[in-house]
Student: 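I'd like to ask some things about the structure below.
All ligand and atom numbering here is 1-based and tracks the order in the structure. These figures come from a predicted structure and were not determined experimentally.
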Amino acid sequence: MPTTRFARFALPGELEFNPGPGTLGSLHIRNELASATICLQGAQLTAWRPRSAGNPVIWTSPSAQATAGKSLRGGVPVCWPWFGPHATQSTLPAHGFVRGLPWEVCASGRAADGATEVTLAIGDSEQTRAAWPHAFLLELQVRVGATLEMSLVTRNTGLGTFSVSEALHTYFAIGDIAAARVHGLEEVEFLDKTRAGDRRVEHQPIAFDGEIDRVYCNTSGDCTIEDPVLGRRIRISKTDSRSTVVWNPWDEKSRKMGDLGPGRQGEGGWRDMVCVESGNVGSNEVSVLPGALHRMAVRYSVEAL
Ligand code: TA6
């Protein structure tokens with residue numbers, strides 16, 4: 001994206017565009033409250049750190065590779081219009097196509113409380129229609145401040161109803177996965193992808209002693225990640241999201257992935273991250289009528305333990 005096309009959205013000293021390899025360039029945001037980075041490829045936020053936080057809150061792999069067409073390992077990949085592998089065509093990218101395509105910046109501004117707001121968008125094209133035969137406009141509205149707020153807005157600009165599965169596939173930075181706990185999903189039924197999709201329920205906060213890959217459906221509740229190593233709690237609130245996915249690949253799977261990189265603990269980067277993803281997947285997929293829109297939103301905040 002040529003810098004000139006972006007220039008009209010720049011906010012000097014607050015929101016600047018840096019051309020970059022592979023990721024099609026990135027937006028760098030810095031204000032009194034926080035800093036953040038968003039790659040134009042996939043509108044993928046790859047960093048967010050409130051000034052009050054001793055450590056970044058969003059994790060990106062130290063071995064992330066900036067490759068055109070492939071999202072970076074970490075940050076907040078946007079999964080849309082399907083989640084996971086395509087239902088029938090294995091040649092299509094997992095988690096949908098928008099995370100590997102260039103998005104446009106379409107709005108930016110400074111909020112009264114000092115937060116920085118920016119909106120990125122992508123619409124249908126010959127390429128997208130070949131994979132998914134619908135007209136759409138998809139926007140990601142991001143608000144960078146002491147909290148991080150993101151809204152994924154799906155507009156049906158066609159003549160027929162369509163259904164989407166979606167998720168903000170967020171990688172959170174933690175001190176050590178073995179000490180972390182995820183609260184808020186107790187008693188909620190989940191599909192356990194490490195056990196061939198078995199339906200299960202747990203009665204305690206999620207603890208990690210191996211690979212976890214769970215799709216919790218019919219849950220609109222907030223979650224918290226308790227991190228005793230970094231001495232903080234990350235709160236995850238969401239609106240119009242009925243599914244929550246929790247994932248950590250652990251050691252063996254991450255070795256096969258190649259882009260999870262070394263971690264602070266001297267082992268794999270898998271120790272330093274956990275995914276808690278807000279979405280509408282599987283039975284929670286969303287139908288959007290012609291001319292209508294659907295908005296799913298998240299809000300992340302951090303507090304000392
Ligand atoms: O959200 C969990 C998951 O579906 C895992 O099964 C794993 O595939 C992960 O997403 C990462 O997917 P990616 O395509 O980004 O490597």
Student: Can you list the atoms of ligand 1 that are under 4.0 Å from a heavy atom of E277?
Tutor: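 Listed by number with element, the hits are 1 (O), 2 (C).
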Student: Show the atoms of ligand 1 that are less than 4.0 angstrom away from any heavy atom in K193.
Tutor: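 Counting atoms of ligand 1 from 1, those under 4.0 Å from K193 are 4 (O), 6 (O).
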Student: Hey, does H169 come in under 3.5 Å of ligand 1, counting only N/O atoms on both sides?
Tutor: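 It does: an N or O of H169 is found under 3.5 Å from an N or O of ligand 1.
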Student: As an exercise, identify every atom of ligand 1 less than 4.0 angstrom from a heavy atom of R73.
Tutor: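 So the answer, numbered in order with elements, is 11 (C), 13 (P), 15 (O), 16 (O).
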Student: Counting distance only, does the side-chain N/O of N280 pair as donor-acceptor with the main-chain N or O of V164 below 3.5 Å?
Tutor: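 It does not hold such a pair.
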Student: Are the ring centres of W80 and F136 closer than 6.0 Å?
Tutor: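 They qualify: ring centres under 6.0 Å apart.
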Student: Determine the minimum heavy-atom distance between Y300 and W48, stating which atoms define it.
Tutor: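 Here Y300 and W48 meet closest at O-CH2, 3.5 Å.
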Student: Judging by distance only, is a nitrogen or oxygen of D213 under 3.5 angstrom from one on ligand 1?
Tutor: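 Among all N and O atoms of D213, at least one is under 3.5 Å from an N or O of ligand 1.
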Student: Taking the six-membered ring of F190 as reference, does the NZ or CZ atom of R200 fall below 6.0 Å from its centre and within a 45° cone about the axis?
Tutor: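 No, R200 does not lie over the aromatic ring of F190.
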Student: Would you say the side chain of K193 lies within less than 4.5 Å of the side chain of V215, judging by non-hydrogen atoms?
Tutor: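 Yes, their side chains come closer than 4.5 Å.
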Student: Check whether any side-chain heavy atom of F97 sits under 4.5 Å from a side-chain heavy atom of P81, and report yes or no.
Tutor: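 They are in contact (side-chain heavy atoms under 4.5 Å apart), so the answer is yes.
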Student: How far is atom 14 (O) of ligand 1 from its nearest protein heavy atom, and which residue and atom is that?
Tutor: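 I find the closest protein heavy atom is R99 NH2, 2.8 Å.
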Student: Within the 4.0 Å heavy-atom shell around H95, which atoms of ligand 1 are there?
Tutor: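 So the answer, numbered in order with elements, is 3 (C), 4 (O), 10 (O), 12 (O), 14 (O).
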Student: Just jot down the ligand 1 atoms closer than 4.0 angstrom to any heavy atom of F83, in number order.
Tutor: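 Those qualifying, in numeric order: 1 (O).
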Student: In this structure, is the centre-to-centre distance between the rings of F208 and W250 below 6.0 Å?
Tutor: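 Centroid separation for W250 and F208: 6.0 Å or greater.
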Student: Could you list which atoms of ligand 1 come closer than 4.0 Å to a heavy atom of V245?
Tutor: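 This gives 1 (O) as the contact atoms.
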Student: Does the protein put a heavy atom less than 4.0 Å from atom 4 (O) of ligand 1?
Tutor: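 So far as the 4.0 Å threshold goes, atom 4 (O) of ligand 1 is in reach of a protein heavy atom.
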